[in-house]
**Q** 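Pasting in a structure now, in structure tokens, and then I'll have a few things to ask.
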Protein chains: 2
Amino acid sequence: MEIAVIGGGSIGLLFSYYLGRKNRVTVYTRTEGQSEAIRANGIHLLKKGCDFRAGVNAAPLEKWTGREELTILAVKQYQLQSVLNSVAERMPGDASLMFLQNGMGHVKWLSELPVKNIYIGSVEHGAMAIGDHSVSHNGIGVTRVAVYKGEAGPIKHFTEMELVDFPVEMADDFRSVLIGKLVVNAVINPLTAAFQVRNGELLDNPFFYEIFKDLFSEVAMALRLEDKEKHFANIVSVCRKTSANSSSMLKDIEAGRQTEIDGILGYILEEAEGQNIDTPIIRTYFRHIKGKEFQRGASI
Amino acid sequence: MEIAVIGGGSIGLLFSYYLGRKNRVTVYTRTEGQSEAIRANGIHLLKKGCDFRAGVNAAPLEKWTGREELTILAVKQYQLQSVLNSVAERMPGDASLMFLQNGMGHVKWLSELPVKNIYIGSVEHGAMAIGDHSVSHNGIGVTRVAVYKGEAGPIKHFTEMELVDFPVEMADDFRSVLIGKLVVNAVINPLTAAFQVRNGELLDNPFFYEIFKDLFSEVAMALRLEDKEKHFANIVSVCRKTSANSSSMLKDIEAGRQTEIDGILGYILEEAEGQNIDTPIIRTYFRHIKGKEFQRGASI
């Protein structure tokens with residue numbers, strides 16, 4: 001199968017490596033320099049002390065024409081709008097697109113895209129890009145995918161590949177695919193970034209754990225979660241399994257980068273406001289992280 | 001006038017220096033080593049690039065007998081209980097005590113003290129201890145004092161000394177003396193410590209300023225403040241005047257020390273709970289700072 005992966009960050013490289021083992025993959029990157037490095041070296045995956053390699057093609061984003069059977073958009077949510085704008089004119093009506101962004105904020109844009117098939121995925125792997133063409137696979141998780149619009153055809157292949165350490169599961173309802181991850185991200189990411197601690201500290205520090213529970217309660221209320229206990233147990237389990245890890249939002253804050261706070265707590269805050277529910281703790285942590293981003297911007 | 005100052009930290013040294021210029025002052029310290037250093041060198045005050053000196057007497061706390069006409073307790077609120085316990089047996093019934101602690105939490109203990117005169121003071125100076133016998137006077141403020149119990153006699157002298165850069169004002173109501181400072185400390189200290197920013201950033205960062213306003217609203221509600229606008233304007237003014245300073249709570253957190261959070265947000269949280277008022281933002285920042293203190297304790 002021919003697959004396009006848009007984005008040369010950690011998730012783009014991770015998917016390109018695994019899919020590149022059984023498919024003809026082209027990675028579309030922001031810079032020609034990164035494309036050259038990938039064409040010359042392939043993609044290297046670092047896992048448990050070993051260095052694996054998959055040969056893939058690569059080109060800058062301007063070259064994307066949508067001729068591949070499936071295009072995977074593996075950019076951050078806050079980069080998605082500009083990527084879609086830059087490829088809009090070349091997008092074939094029969095294209096199949098898969099979106100891997102965190103949060104729910106981008107879903108409202110998808111109904112307007114004039115393409116045949118749209119899929120939504122949620123990635124639970126831990127991965128970190130190392131240079132232009134290498135990615136470290138730190139935590140093996142699952143990719144869940146669901147049809148947003150169109151036919152399941154191209155995605156069936158995707159879920160049937162059975163790649164070691166890269167399981168893909170099909171789900172019926174794209175909302176449940178995104179909500180589960182959104183709830184996890186909404187609690188773990190802002191709190192670890194605000195307290196500047198690793199994930200496990202949210203459970204091990206009794207004061208932080210009280211805030212963790214309060215924030216979850218507001219998130220559950222704003223999103224009208226039905227199975228609250230199951231979601232809560234899932235967050236605790238993710239926190240425990242990744243206890244020694246720094247969350248992506250903590251890493252972003254420490255590196256002075258933009259975070260995904262708008263698509264996570266920003267989205268939930270809008271949901272709460274739309275229902276006239278007051279969520280002071282969500283509001284406070286949303287502003288806390290926005291303030292940290294502002295500090296970085298103001299100091300440039 | 002003979003004056004005892006209990007405590008060799010920044011406020012104890014600041015008061016000992018200024019009062020030592022016109023009075024016979026004895027500083028009571030935790031260690032004999034610090035007493036020796038003060039007896040040998042006097043107290044040095046660093047201000048605007050100059051080094052001033054005042055000769056004072058000094059002794060370890062065990063030597064305090066309460067024979068001085070006024071004893072000033074210049075220790076942190078969380079140290080006060082243990083200081084009072086250790087001097088309780090020697091405390092003369094005709095003693096005059098002045099308390100300079102932040103917060104309101106200690107006021108409930110004062111009614112049980114079997115002494116003649118009790119005064120309450122609030123200190124607005126910026127000061128930082130430098131070694132055993134030196135203090136840097138970074139921000140010149142006012143000391144406000146009021147009678148809690150007994151006669152104003154010993155304190156009259158105190159307010160009439162007219163020391164340059166050390167103004168003392170008498171107030172009628174000890175509650176208003178403490179509340180003004182408590183409100184300022186309740187907003188500026190926890191937020192600067194949580195965001196790890198200097199005071200001015202609370203006004204200059206629009207996201208932090210929104211949290212600042214929300215936290216003030218809860219504090220005003222919990223303390224049933226009557227003149228809300230005046231208190232708010234005062235916090236803004238203090239924040240502006242000290243914009244380049246790090247708050248004491250930020251310094252405490254950075255140094256891994258205990259903070260005054262129990263006497264500040266902890267006290268206000270109890271006030272709110274006593275009235276069945278929900279104050280989620282106060283609760284969250286109280287836990288945030290307690291969690292930071294716990295991290296330090298857990299890492300020892």
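First the proteins, then the strands, lettered A, B, ... as listed; each starts at 1. Remember, it's a predicted structure, so these values are computed and weren't measured experimentally.
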**Q** Under 4.5 Å, counting heavy-atom pairs only, tell me which of Thr284(B), Asp204(B), Leu191(B) racks up the most with chain A.
**A** Thr284(B)
**Q** Please state whether the side chain, the backbone, both or neither of Asn205(A) comes within less than 4.5 Å of a heavy atom of chain B.
**A** both
**Q** Could you tell me which portion of Tyr209(A) (side chain, backbone, both or neither) has an atom closer than 4.5 angstrom to a non-hydrogen atom of chain B?
**A** neither
**Q** Could you tell me which portion of Ile211(A) (side chain, backbone, both or neither) has an atom closer than 4.5 angstrom to a non-hydrogen atom of chain B?
**A** both
**Q** Is the closest basic N to carboxylate O distance between Arg296(A) and Glu293(A) below 4.0 Å?
**A** no
**Q** What's the verdict on side-chain contact (heavy atoms from CB on, under 4.5 Å) for Ile179(B) and Leu225(B), showing C-alpha distance, side-chain angles and the deciding distance?
**A** CA-CA 9 Å; Ile179(B) 287 276; Leu225(B) 294 186; 3.7 Å; yes
**Q** Using a strict threshold of under 4.0 Å (side-chain N to carboxylate O), is an ion pair present between Lys251(A) and Glu254(A)?
**A** no
**Q** Would you say the side-chain atoms of Arg224(B) and Gln275(B) include a donor-acceptor pair closer than 3.5 Å?
**A** yes
